[in-house]
Every structure is written in C-alpha cells, then in structure tokens.
Trainee: 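Here it is, the structure in full.
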Amino acid sequence: MAVGRPGCVEDHAAEVRLPFIPDLCEHVQKPHEGVRGRSVRAGQGREGVKSPEGQSVAVHEEQFFLFQGTHILCVQIVSYLRYNNPLSPFMHKSAGKKRKQGGTPSMTEKARVRFAPSPTGALHIGGGHTALFNWLWARHTGGSFILRIEDTDRARSTKEFEDTIMSGLEWLGLDWDEGPDRGGSYGPYRQSERLDLYHDTADRLVKEGKAYREGDAVLFRVPPGIALRFDDVVYGSIEMMSDTLKDVVMIKSDGMPTYNYAVVVDDHFMEITHVIRGEDHISNTPKQLLLYDALEWERPAFGHLPMILGTDKKKLSKRQGATSVYEYRDMGYMPDSMFNFLALLGWSAGEENEIFSRNEAVEIFELSRVTKRPAVFDMDKLNFINQEHIRRMDPFDRLALVEPFWREMNLPVDAHSREYLASSLDVLAGRGQTAKQVAGYSDYFLSFEPVKERYDGSDVKKEQLPILRRFYGELFSLPEWKASDLETFTREWSEREGVKMKEIAMPFRMALTGMKVSPGIFEVAEQLGREESRRRIAHFGFTG
RNA sequence: GGUCCCAUCGUCCAGUGGCCUAGGACACAGCCCUUUCAAGGCUGUGACACGGGUUCGAAUCCCGUUGGGACCGCCA
C-alpha cells in the first residue's frame, strides 16, 4: 500500500484507498497485545527503520507510519485519516490549524535597563538575581545597565549599604554603565537628589486635577472603571480593574516621593526601555500604569522575574541560611559560579550546557525565555556548579581564590613559591566544592604540622613495621622521584612481596597527608618532594 | 478578606496540539574504574496537582477545584 510516502498529511491521506480504513480501524478498536509494542517511533534515524519482521517501514514526515504488508500501524494515523480524509464522512470539521504566534521579540533594539535597590541592607540573593537578569539583558542587546539608588526611606537608607550593594554587584561581575558613582547623562542616580523632578511632575498632575494635596502629601486620584492591562514579557497579559486600587500616594508628608511614583518618574526620564524586577512587583504595576497614562508618557516594557524560594518553598529568609551574596563569597563560592547558578534560576539556555561563563550567557540570554514559577535555591546544585568552575580555572586564579582561606588557617603560604602552591592545587584535581574545602583538603602541601595533629601513626601494627620499613627503604632509593616511577615500583614490589597495594599505600597516605582521603598518593609524594616525604615517613618511624 | 500570579521528577530546567513510552542537569542508589576520595563511564529510582471540557489526538488550549505565592504602607 502506498501509505507512508513522505509528504504532507493531506497528500498522504488522498493516497489512502478508503477500503483499507475500516480494516485498520477495527484493528485499533480492538488493540491486542503488541500493537503498540511493535510500533517503531520515527525518531532521528527514520531512514532505515525496520519492523520486527524485518520489513522496511515507511515513515511519514509527521511520524505517522505503518509496516508494509501488515496491519500494524499507529493509532494516530487511523484516527487522523478517519477524520481528516476529504472522502471520509467523518470529516465534519475543518481541522483548521492555528498559526503559531512568532515568539521571540526582536532583540536588535538596545535595551536601557536598571537595577534599583534601596540601600537598607546588604545585596541579597534575590537582588543579585534581579540585577543579574537586568545586566544580561543589557549586555545581550548591547544596551545600558543603570544603577539607581532608591533612598527615599530616610530612616533606613545608609551610605554604607549603598557601598556594600555596589561591591556586591562588582563581586558578581555586574558592571553598570551609569550610576551614582560614575555618573551618566541621565543623573543624578540617587532619588534623594532628584526631588525637584518629583515635585514638578506632581504639581503638574495637581494642576490638571488628576492629583490632590492632603496636608504636605500629594495623592493621585484613581479613576474608577478603568481596565489596567499590560503585556508582561515573561508573564503574558495581566489585567486589573482600577476599582480595586486606593488613591496612590505620590509625595509623602516629608516631601519624599513614594516608590510607586518615583519609579515611574525615573524610568521615564532615564528612558528605561525594560523594567525587569521581581514578581512581587506585579501587583504594583497597575498603579504605575495609571501614572504613566495620566502623565501621557510611553510605558516601558515590563518583565517580571520569578521569586527565589528557600528549601521550605517560602521566600528566602535568614532562617534558611545565607541570604547575602557576601556570605557565599566568604564560604568559598566564586563569583563565576554564583553568576552561573543564579542565571539558571528562572532561565535556561535550552537543553545541554548548564555550566557557562558570563560571555556565553550574554550571548544566549533571552528575556522571553524566563520561567514563571518560583525557583528554590538549591545548595547542592550551587556546590556542583562551583566545583566545576574551580576545576576549570586557571591554576593561578585558583590559587588566588584559595589563598585567603589558607591564611585564615594560619598556614605558611609565604614559605612556598607561587608555582609550588598552584601546582599543589592541580594535584588536587578538582577535589572540593568550595575554595574553603579546597584549602582544607590541601593543607599538608603547605605544612607538616596539621598532619601531625590529626595522625600519630599508632594505627600501624607492630608486625607491619618490618614490611613498611623494607618497602620505604627501597622506595626512597629510587633514582627518580616521579609519580609514575613510584607507582610502577610500588606495584611491582607489592606483587613480588605478596603484599596488597592497599597495605602499603594507606600508611603512605596517612603519613604524608594525615588523611585517609587524598589525591593519588604518588602524585602527592612527587609534589611534596623526596626529602619532605622522607621526613614525614621518618617522623612516624616507618623507615629507619 | 479583596485583587493578581503560579502549578512537569526531591530540586533547577526542556516541552508552545501529534516526534512523549515526558528529555536533560543536580541530588540519591547500584555497577565499572581504583591505593583512598573526587572526577569519569554505565545503569536505575523518580513528575505532567485533581476534575471537567474542546479536539481524531492534550503536559501543551478552555473552565472549575485544590494547593502555593505576591500585593493590598506617607517601605521599597
């Protein structure tokens, strides 16, 4: 039969001779064991697909297929042909296909986006996440990333927090093009320095009768019966009736603007194109829409980001551990991994490649691909990502990362050359998920002291000593002190003497590192050098 | 309480009406490798919240239910 020739479904259907159809339908109505099982899916290599009977299988472009000479076929083709064949009496409705809406917005437009923290605390994970997505969008579109300080809360805002937020952003590698510290043509970038702008604009609204004074404050009069609708770049269409809103305060009695009013004024005058912020601002947006419309200003695009939750699925708070980005830095996470990890919360590049650099992320980032549902902050994944980044680092960068933790442990960092230290970390070969762990796993490269503190050699039984002494005696007189030679020799020796590798390698490991877990012990021995290794072995009396 | 938003493995994502017997990653378990531990390789456990529609066909569209969350400040 002719079914199965590649082509569009309509062609296909036309070629099916109706007499076959009832036959096939019967088959499907009483599906017996195996019909489904014997189906072959048209996957990647649809070309040489064979049926279990060895007959060639005709595969349709649309994955409808059947085996020639048999009645086994996909349920789908039967139902499809039955209802869509023009000759069929079942063809009652036109299976009109809806046009797919073209999803991706053009990204040729340079975006002007901003991160607008209030300096009332350290840079938290959520803030870092928001800043990161803004930054990504700015860099992806070749636009600008602006830092604006929203310090209209006189009681809680401090300069210290402003500085600490900026250094947090720097640590994450998020550089801004305009901001209070580096200026720009849309300044000033602190709301407390833009008061005239807010007052002038408020006066205009009062004059137009759209706002009114109440004491020293100015409130916006919310008109009833207005549908406030906007298309969120990530959430889609959102609508709210103005009747559910109370009049919005624009200027507080102390003369400061409120958040909902100041953002509108600033985003307008700073010519922000995309307002990218946390999902908790969705319900603020309609109020701002009202202001934009009353002021007859063009609205920016809005893109809200999913919230980041703790393991308990509640908003991240101190109770679930570290919430500020510095705490992660101090635990030994590196900025690249933090960036990578945060970027993966609410977004993905598609399939593979979860480990990426800033530049790679910039390249492939797409605002419209951001996820809607809240994401849980998963330490396990952060650990994994951090480990991957540490592994891939340049040895000297890795050294710079680990060094502070060694110093904190009072290890004699300066007693060694940079080369020695960097290659010691290379011997570790990616062991350790944080810089802190790496430092802890590698202390024996810097000093014998911690080894002596955790190991005293007492676990070696008296009857083992003669064997060990004989072994080490020969080992230390090897002409070359290289890992490969040490290993070859040890293997041969253990074979010859009938001693298990483990029995001589473990004491060796314990004596050199004081740990029962370490990199390959011969690599460690080579890195330590013959003399230092001999000294450690001798200390425990394993040689003599 | 009112309004709005969300709902795929334990977690993060893929999925935009038929390539889904729902894919990947982390985590977990097992095996391999092996001087230990990582790494690596292989395998496994594991999800479309529920109920109705629409459709020949629904994880995907619609409605409802349930469950989460956010906002409702002269905080931002």
Side-chain angles (χ1 to χ4, degrees), chain A residues 36-37 39 41-44 46 62-64 74-76 78-84 90 93 95 97-98 100-101 103 116-118 120 150 152-153 155-157 214-219 232 235 238-241 244-246 249-254 256 258-260 262-263 278-286 304 306-307 309 311 313-315 341 344-355 371-378 380-385 387 391 428-433 441 487 490-491 494 500-506 508-509 515-522:
Chain A
R36 240 179 130 65
S39 298
R41 247 185 303 153
Q44 298 299 70
R46 56 165 66 113
E62 306 275 345
Q63 292 85 44
F64 301 135
C74 211
V75 173
Q76 290 167 340
V78 173
S79 68
Y80 188 92
L81 291 180
R82 196 169 161 194
Y83 290 91
N84 290 283
F90 294 100
K93 278 176 193 161
K97 287 144 210 154
K98 274 176 278 181
K100 257 193 256 188
Q101 18 107 298
S118 77
T120 53
E150 310 217 328
T152 55
D153 185 337
R156 297 194 300 143
S157 299
E214 197 175 277
D216 294 326
V218 180
L219 312 229
D232 192 282
Y235 283 84
I238 293 175
E239 186 178 307
M240 188 188 284
M241 291 305 291
T244 63
L245 266 28
K246 294 192 288 190
V249 178
M250 295 163 60
I251 306 283
K252 303 184 255 181
S253 302
D254 67 358
M256 286 296 209
T258 59
Y259 163 77
N260 278 306
V263 256
E279 182 252 40
D280 48 339
H281 285 291
I282 285 186
S283 26
N284 283 324
T285 309
H304 289 91
M307 303 262 82
L309 275 25
T311 324
K313 297 248 191 182
K314 296 241 169 66
K315 203 169 170 181
F341 173 68
L344 248 18
L345 256 28
W347 176 73
S348 89
E351 276 286 321
E352 277 310 311
N353 188 27
E354 302 225 299
I355 306 294
T371 314
K372 294 178 192 168
R373 65 179 175 125
V376 173
F377 188 96
D378 180 15
D380 283 333
K381 187 128 182 183
L382 208 212
N383 286 333
F384 167 77
I385 289 174
Q387 179 168 27
R391 275 159 67 95
L428 233 50
R431 269 161 263 243
Q433 295 189 307
Y441 291 168
E487 178 169 355
T490 307
R491 282 191 191 289
S494 73
K500 282 191 187 137
M501 269 291 267
K502 198 171 182 167
E503 289 176 49
I504 42 186
M506 270 324 269
F508 201 22
R509 168 171 292 110
M515 301 179 183
K516 48 188 192 299
V517 165
S518 83
I521 197 57
F522 304 111

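Note that the structure is a prediction, hence the values are computed from the model and not measured. All chains are named by letter (A, B, ...) in the order of the sequence lines, taking the proteins before the strands, and each is independently numbered beginning at 1. What's counted below: heavy atoms across the whole structure, side chains too, no hydrogens, waters or symmetry copies.
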Trainee: So do the side chains of Tyr441(A) and Val517(A) get within less than 4.5 Å of each other, counting heavy atoms only?
Mentor: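 In short, these two side chains do not touch, never coming nearer than 4.5 Å.
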Trainee: Is the shortest side-chain N to carboxylate O distance from Glu279(A) to Lys372(A) below 4.0 Å?
Mentor: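 Salt bridge absent between Glu279(A) and Lys372(A).
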Trainee: Name the residue closer to the 5' end of RNA chain B, choosing between Gln387(A) and Val249(A) according to the nucleotide with the nearest heavy atom.
Mentor: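 Nearest nucleotide further toward 5': that of Gln387(A).
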Trainee: For rG40(B), what is the paired nucleotide under Watson-Crick or G-U wobble rules, both distances under 3.5 Å?
Mentor: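 With both distances under 3.5 Å, rG40(B) matches rC32(B).
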Trainee: Considering only atom P, compute the distance from rU3(B) to rG64(B) and round it to an integer number of Å.
Mentor: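 Their P atoms lie roughly 13 Å apart.
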Trainee: For Val249(A) and Thr258(A), which heavy atoms make the closest approach, and how far apart are they?
Mentor: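 In this case the closest contact between Val249(A) and Thr258(A) is O-OG1, 2.6 Å.
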Trainee: Could you check how far OH of Tyr441(A) sits from C1' of rA38(B), rounded to whole Å?
Mentor: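 Checked: the OH to C1' distance equals 8 Å.
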Trainee: Do the ring planes of Phe377(A) and Phe341(A) sit parallel (below 30°), tilted (30 to 60°) or perpendicular (above 60°)?
Mentor: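 It falls in the perpendicular class, over 60°.
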Trainee: At their closest point, which heavy atom of Thr371(A) faces which heavy atom of Trp347(A), and how far apart are they?
Mentor: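 Heavy atoms only, the tightest pair is OG1-N, 3.9 Å.
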Trainee: Tell me whether Ser253(A) contacts the main-chain N or O of Asp216(A) through its side chain, where contact means a donor paired with an acceptor under 3.5 Å.
Mentor: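 Looks like no, no N/O pair under 3.5 Å.
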Trainee: Considering every strand and a 4.0 Å limit on heavy-atom distances, what is the contact class for Glu239(A): base, sugar-phosphate, or nothing?
Mentor: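 If one applies the 4.0 Å heavy-atom cut-off, Glu239(A) turns out to touch the sugar-phosphate alone, with no base involved.
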Trainee: Calculate the interatomic distance between Lys314(A) atom NZ and rG67(B) atom P; express it in whole Å.
Mentor: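 Answer to the nearest Å: 15 Å.
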Trainee: Taking protein heavy atoms under 4.0 Å as touching, what does nucleotides 32-37 of chain B look like 5' to 3' if B marks base contact, S marks sugar-phosphate-only contact and - marks none?
Mentor: --SBBB
Trainee: Taking the P atom of each, how far is rC19(B) from rC61(B), in whole Å?
Mentor: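 The same atom, P, in both gives a distance of 16 Å.
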Trainee: At 4.0 Å (heavy atoms only), tell me whether Thr371(A) reaches a base, stays on the sugar-phosphate, or touches nothing.
Mentor: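 Sugar-phosphate only.
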Trainee: Sticking with atom C1', work out how far rU66(B) lies from rG52(B), rounded to a whole angstrom.
Mentor: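 Their C1' atoms lie roughly 14 Å apart.
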Trainee: If we ignore hydrogens and angles and just use 3.5 Å, is the side chain of Asp232(A) paired with the main-chain N or O of His304(A) as donor and acceptor?
Mentor: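 Checked: pair present.
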Trainee: With no hydrogens and no angle check, is any side-chain donor or acceptor of Glu150(A) less than 3.5 Å from a backbone partner on Tyr259(A)?
Mentor: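 No, because the side chain of Glu150(A) does not come within donor-acceptor range (under 3.5 Å) of the backbone of Tyr259(A).
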Trainee: Please give the distance between the C1' atoms of rU54(B) and rC62(B) as a whole number of Å.
Mentor: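 To the nearest whole Å, 7 Å.
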Trainee: Please measure how far the P atom in rC74(B) lies from the corresponding atom in rG67(B), and state the result in whole Å.
Mentor: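 Nearest-Å result for rC74(B) against rG67(B) at atom P: 32 Å.
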Trainee: If rG23(B) has a Watson-Crick or G-U wobble mate with both distances under 3.5 Å, name it; if not, just say none.
Mentor: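 Matched rG23(B) with rC13(B) under the 3.5 Å cut-off.
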Trainee: Base, sugar-phosphate alone, or nothing: which one does Thr258(A) contact when heavy atoms must sit under 4.0 Å apart?
Mentor: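 Answer is sugar-phosphate: Thr258(A) comes under 4.0 Å of backbone atoms only.
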Trainee: Can you name the closest pair of heavy atoms from Val376(A) and Lys313(A) and give their distance?
Mentor: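 Distance-wise, the nearest heavy atoms are CG2-CD, 4.3 Å.
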Trainee: Do any N or O atoms of the protein come closer than 3.5 Å to N or O atoms of nucleotides 70-72 of chain B, and which pairs are they?
Mentor:
unit_1, atom_1, unit_2, atom_2, d
rA70(B), O2', Asp280(A), O, 3.3
rC71(B), O4', Ser283(A), OG, 3.0

Trainee: Any chance you could list the contact pattern along nucleotides 7-12 of chain B? Use B for base contacts, S for sugar-phosphate-only contacts and - for none, protein heavy atoms under 4.0 Å, 5' to 3'.
Mentor: SB--SB
Trainee: Taking Thr285(A) for its side chain and His281(A) for its backbone only, find out whether a donor-acceptor pair lies under 3.5 Å.
Mentor: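 Such a contact is found between Thr285(A) side chain and His281(A) backbone.
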Trainee: Could you state the CZ-C1' distance from Phe384(A) to rC13(B), rounded to the nearest angstrom?
Mentor: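 Computing the Phe384(A):CZ to rC13(B):C1' distance gives 14 Å.
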Trainee: Please check this pair: side chain of Lys252(A) against backbone of Val218(A), looking for a donor-acceptor N/O pair closer than 3.5 Å.
Mentor: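 Between the backbone of Val218(A) and the side chain of Lys252(A) there is no qualifying donor-acceptor contact (under 3.5 Å).
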Trainee: Without swapping roles, check the side chain of Arg431(A) against the backbone of Leu428(A) for a donor-acceptor pair under 3.5 Å.
Mentor: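 Between the backbone of Leu428(A) and the side chain of Arg431(A) there is a qualifying donor-acceptor contact (under 3.5 Å).
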Trainee: Tell me the interatomic distance from Asn260(A), atom CG, to rC4(B), atom C1', rounded to whole angstroms.
Mentor: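 From Asn260(A) CG to rC4(B) C1': 15 Å.
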Trainee: Across all strands shown, which nucleotide pairs with rU55(B) by Watson-Crick or G-U wobble geometry, both distances under 3.5 Å?
Mentor: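 The base-pairing partner of rU55(B), which may sit in any strand shown, does not exist here.
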Trainee: Can you check the distance between rA47(B) and rU11(B), where both ends of the measurement are the C1' atom (answer in whole Å)?
Mentor: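 12 Å, rounded to whole Å.
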Trainee: Quick check on RNA chain B: between Ala116(A) and Pro306(A), whose nearest nucleotide comes earlier from the 5' end?
Mentor: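 Its nucleotide being nearer the 5' end, the pick is Pro306(A).
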Trainee: Taking atom P in both rU43(B) and rC9(B), compute the distance separating them and give it to the nearest angstrom.
Mentor: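 Rounded to whole Å, the distance is 24 Å.
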Trainee: Mind checking Thr120(A) for me? I need base, sugar-phosphate or nothing, with any heavy atom below 4.0 Å counting as a touch.
Mentor: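 Nothing: the residue Thr120(A), judged by heavy atoms under 4.0 Å, touches no strand.
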Trainee: Watson-Crick or G-U wobble partner for rA70(B), using a 3.5 Å limit on both distances?
Mentor: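 Matched rA70(B) with rU3(B) under the 3.5 Å cut-off.
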Trainee: List the atom of Pro306(A), the atom of Gly346(A), and the distance in Å for their closest heavy-atom pair.
Mentor: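 That closest heavy-atom pairing would be CG-CA, 4.0 Å.
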Trainee: Would you measure the distance from the C1' atom in rC4(B) across to the matching atom in rU60(B) and give it in whole Å?
Mentor: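 Approximately 23 Å lies between the C1' atom of rC4(B) and that of rU60(B).
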